[in-house]
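Just so it is clear: chains get the letters A, B, ... in the order the sequence lines come, proteins before strands, and each one is counted from 1.
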Protein chains: 2
Amino acid sequence: MVESPERNAPLSASREDYLADIYRIQAVGQSVNTGEVAQRLGVSAASTSAMFKRLAQEGLVHYESYNGVWLTKNGERAASHIVRRHRVIERFLTDMLGIGWERVDEFANRMEHAFPDEVVEAIERLLGDPDTCPHGYPIPGLDGETAALAGLPAETLAAGDHAVIRRVDETDPELLLHLRERGLMPGKAIAVVAVNQVDGTRTLRTGDGTLVVGQRIARSLFVDRVVDDA
Amino acid sequence: MVESPERNAPLSASREDYLADIYRIQAVGQSVNTGEVAQRLGVSAASTSAMFKRLAQEGLVHYESYNGVWLTKNGERAASHIVRRHRVIERFLTDMLGIGWERVDEFANRMEHAFPDEVVEAIERLLGDPDTCPHGYPIPGLDGETAALAGLPAETLAAGDHAVIRRVDETDPELLLHLRERGLMPGKAIAVVAVNQVDGTRTLRTGDGTLVVGQRIARSLFVDRVVDDA
DNA sequence: CAGATGAGTTAGACAAGACTAATTGCGCGA
DNA sequence: TCGCGCAATTAGTCTTGTCTAACTCATCTG
Ligand SMILES: [Mn+2]
Ligand SMILES: [Mn+2]
Ligand SMILES: [Mn+2]
Ligand SMILES: [Mn+2]
């Protein structure tokens, strides 16, 4: 049985990025194949294949050739730790430094590998132990436990529905900027005024007014429906 | 004329560490030779030699074989930038997160390579544009300008002298912890009660009381004398 | 002014992680 | 069931930064 040579040696930044990405793909219930990870990390499929092999050898993932990977218990612990750092840092950047939420993912992606755990914990305390990143994704606990992803796509809402935004797709800075300018952020209450069946656009009312959104946005907002008692 | 292939490409973490160290050695007026840098970075002399050659080729240092390096204008600009990041991060860690000053150098050494300039600037504003790191070393400006190192060794003080601590040797965590426990930090006023000529110990009075320090400490505290007008 | 000594440089190897090109295997459609 | 197309893997390089061992050069001593 070949195990990792150094028990508990710190993971390289590369390994951390692969693991975190595998974790995030698993979190939405997708299977984790070479191409998906390669594309998300902006790396060749060959590099990803090689890394899968390494991670498997170190006991961090299970790997079935031609069939993708999934995290082992150890891998999940490590990955949740990294995702935790990432999301706390995002919170720090938006809440304390006032940096726009459309840029913090990229920044946190660089910074996440360099923060000692102790620093992450101090920031967390200072921020009052937030539950989620600015985009609404849950911050894993120190024990590795993570809440389920909140919300269903706003696409599933019908005319007359009331809902609260819980989470937004965080992959596209352009989209995030767009959403921020319109106040479509976690915590915001929305009501669906109308659904245009022809082109799929929706008319929404928020506290700030009325706006029309297309499918792209309706698929990127994850909401909890609210039963109307008015 | 062989120049750096990529104009303004970001520097690798390794290059940043070498440059920052060269900068710090130059700042105290020492000449920068292979062995000194190798020792400070915990790296072999061969590696340092190789890096000197690369940095020279990229126009960041002047290099005379067997005779050390010194920063070019470009190299100084780059180095001051890194040192700036390092010292701002140290301030952040001590002032906002409450981490002991004996550990922030090590932490900042990891973190300094991952902070976008914009984040450093936001932190700086939030802290009220501090002039120095927690150990009293000046934070270079965005323009690359850096104040001179403040203070002279407390060793130069005679009995009866009054002084203010401006800066402390920041290389040894043990020493820093020791100093902190005794309140010997930048800004603190001290008076020399007595100097023992036999063993070089000094009796100091601070706001908190009286204490005796040996040469090791007297050489690690950098002070400005204060003319007594009592 | 000739060695010895030690710092500095060169030579050669290695590890991590990336790439491109070539190959292999899975699964689907005819 | 055969083969085709595409995804994944393997093969072979490259770059960066490190190491140890062998050397070479500057300098200090006698
Ligand atoms: Mn990352
Ligand atoms: Mn996020
Ligand atoms: Mn560093
Ligand atoms: Mn400092």
Side-chain angles (χ1 to χ4, degrees), chain A residues 2-6 9-22 25 30-70 75 78 82 109-110 112-114, chain B residues 2-22 25 30-70 75 78 82 109-110 112-114:
Chain A
V2 182
E3 274 291 320
S4 63
E6 290 280 337
L11 296 167
S12 67
S14 264
R15 279 167 168 71
E16 289 192 337
D17 278 337
Y18 280 94
L19 285 176
D21 233 41
I22 294 167
I25 295 169
Q30 286 181 50
S31 73
V32 186
N33 52 350
T34 307
E36 178 73 17
V37 173
Q39 193 197 350
R40 293 175 58 136
L41 288 178
V43 117
S44 74
S47 302
T48 302
S49 230
M51 185 58 88
F52 279 3
K53 208 182 298 183
R54 259 170 277 167
L55 293 176
Q57 186 159 12
E58 289 157 8
L60 295 164
V61 300
H62 297 288
Y63 179 28
E64 269 174 21
S65 214
Y66 290 96
N67 210 20
V69 293
W70 60 103
I82 301 150
N109 227 17
R110 284 177 55 188
E112 64 194 353
H113 311 289
Chain B
V2 181
E3 274 290 320
S4 65
E6 290 281 337
R7 198 72 240 138
N8 261 48
L11 296 166
S12 66
S14 263
R15 280 168 168 70
E16 290 192 338
D17 278 337
Y18 281 94
L19 285 176
D21 234 40
I22 294 167
I25 294 169
Q30 285 181 50
S31 73
V32 185
N33 52 350
T34 307
E36 179 74 17
V37 173
Q39 194 199 347
R40 292 175 59 136
L41 287 178
V43 117
S44 74
S47 301
T48 303
S49 229
M51 186 56 89
F52 279 3
K53 209 182 296 183
R54 262 172 275 169
L55 293 175
Q57 186 158 13
E58 289 158 7
L60 294 165
V61 300
H62 298 287
Y63 179 27
E64 269 174 20
S65 214
Y66 290 97
N67 209 20
V69 294
W70 60 103
I82 302 150
N109 227 19
R110 284 176 56 187
E112 64 194 353
H113 311 289

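The distance between atom NE2 of A:His113 and atom P of C:dG17, rounded to the nearest whole Å, is 12 Å. Here C:dG27 presents its C1' atom at 16 Å from CD of A:Glu64, a figure rounded to the nearest Å. Between the CG atom of B:Asn67 and the C1' atom of D:dT24 there is a distance of 16 Å, given to the nearest Å. If you take CD of B:Gln57 and P of C:dT9, they are 15 Å apart, rounded to a whole angstrom. Here the P atom of nucleotide C:dG8 and the NZ atom of B:Lys53 are 15 Å apart, to the nearest Å. The separation between A:Leu11 atom CG and C:dG17 atom P is 10 Å, rounded to whole Å. As a whole-Å value, the separation of B:Glu58 CD from D:dT15 P is 14 Å. Note: CG (B:Leu55) to C1' (D:dG17) measures 12 Å, nearest angstrom.
Phosphate contact (OP1/OP2 of D:dG17, side-chain N/O of B:Ser12, threshold under 4.0 Å): present. A close approach under 4.0 Å does not occur between any side-chain nitrogen or oxygen of B:Ser14 and OP1 or OP2 of D:dT16. Within the 4.0 Å cut-off from OP1 or OP2 of C:dT10, not a single side-chain nitrogen or oxygen of B:Tyr66 is found. Under 4.0 angstrom from either OP1 or OP2 of D:dT9 there lies at least one side-chain N or O belonging to A:Ser65. Here A:Tyr18 reaches the OP1 or OP2 of C:dA18: one of its side-chain N or O atoms lies under 4.0 Å away. The shortest distance between the side-chain N/O atoms of A:Ser49 and the OP1/OP2 oxygens of D:dT10 is not below 4.0 Å. For D:dT16, neither phosphate oxygen OP1 nor OP2 lies less than 4.0 angstrom from any side-chain nitrogen or oxygen of B:Arg15. Remark: B:Arg54 is not in phosphate contact with D:dT16, judged by side-chain N or O atoms under 4.0 Å from OP1 or OP2.
If you check every strand for non-hydrogen atoms under 4.0 Å, B:Ser47 touches a base. In this structure, A:Ser44 reaches the bases: a heavy-atom distance under 4.0 Å links it to at least one base atom across the strands shown. As judged by a 4.0 angstrom heavy-atom cut-off over every strand, A:Phe52 is placed among residues making no nucleic acid contact. In this structure, A:Asn33 reaches the sugar-phosphate backbone alone: every heavy-atom distance under 4.0 Å involves primed, P, OP1 or OP2 atoms, never a base.
When distances run from any side-chain atom of B:Ala50 to the nucleotides C:dC19, D:dA21, D:dT18, the shortest one goes to D:dT18. With distances taken from any side-chain atom of A:Tyr63 to the nucleotides D:dA8, D:dT18, C:dG8, the minimum falls on D:dA8.
Put simply, OG1 on A:Thr34 and CZ on A:Phe52 are 5.0 Å apart, with the number rounded to the nearest 0.5 Å. A:Gln30 contributes atom CD, which lies 5.0 Å from atom CD of A:Glu36 (distance to the nearest 0.5 angstrom).
With contacts defined as side-chain heavy-atom distances shorter than 4.5 Å, the pair A:Leu19/A:Leu60 qualifies. Residues A:Thr48 and A:Leu41 are not in side-chain contact: their nearest non-hydrogen atoms beyond the backbone lie 4.5 Å or more apart.
For A:Arg15, the salt bridge (Lys or Arg N to Asp or Glu O under 4.0 Å) criterion is met by A:Glu58, not counting sequence neighbours. Every residue was checked against the ring-ring contact (aromatic ring centres under 6.0 Å, His included) condition with A:Tyr18, not counting sequence neighbours, and none meets it.
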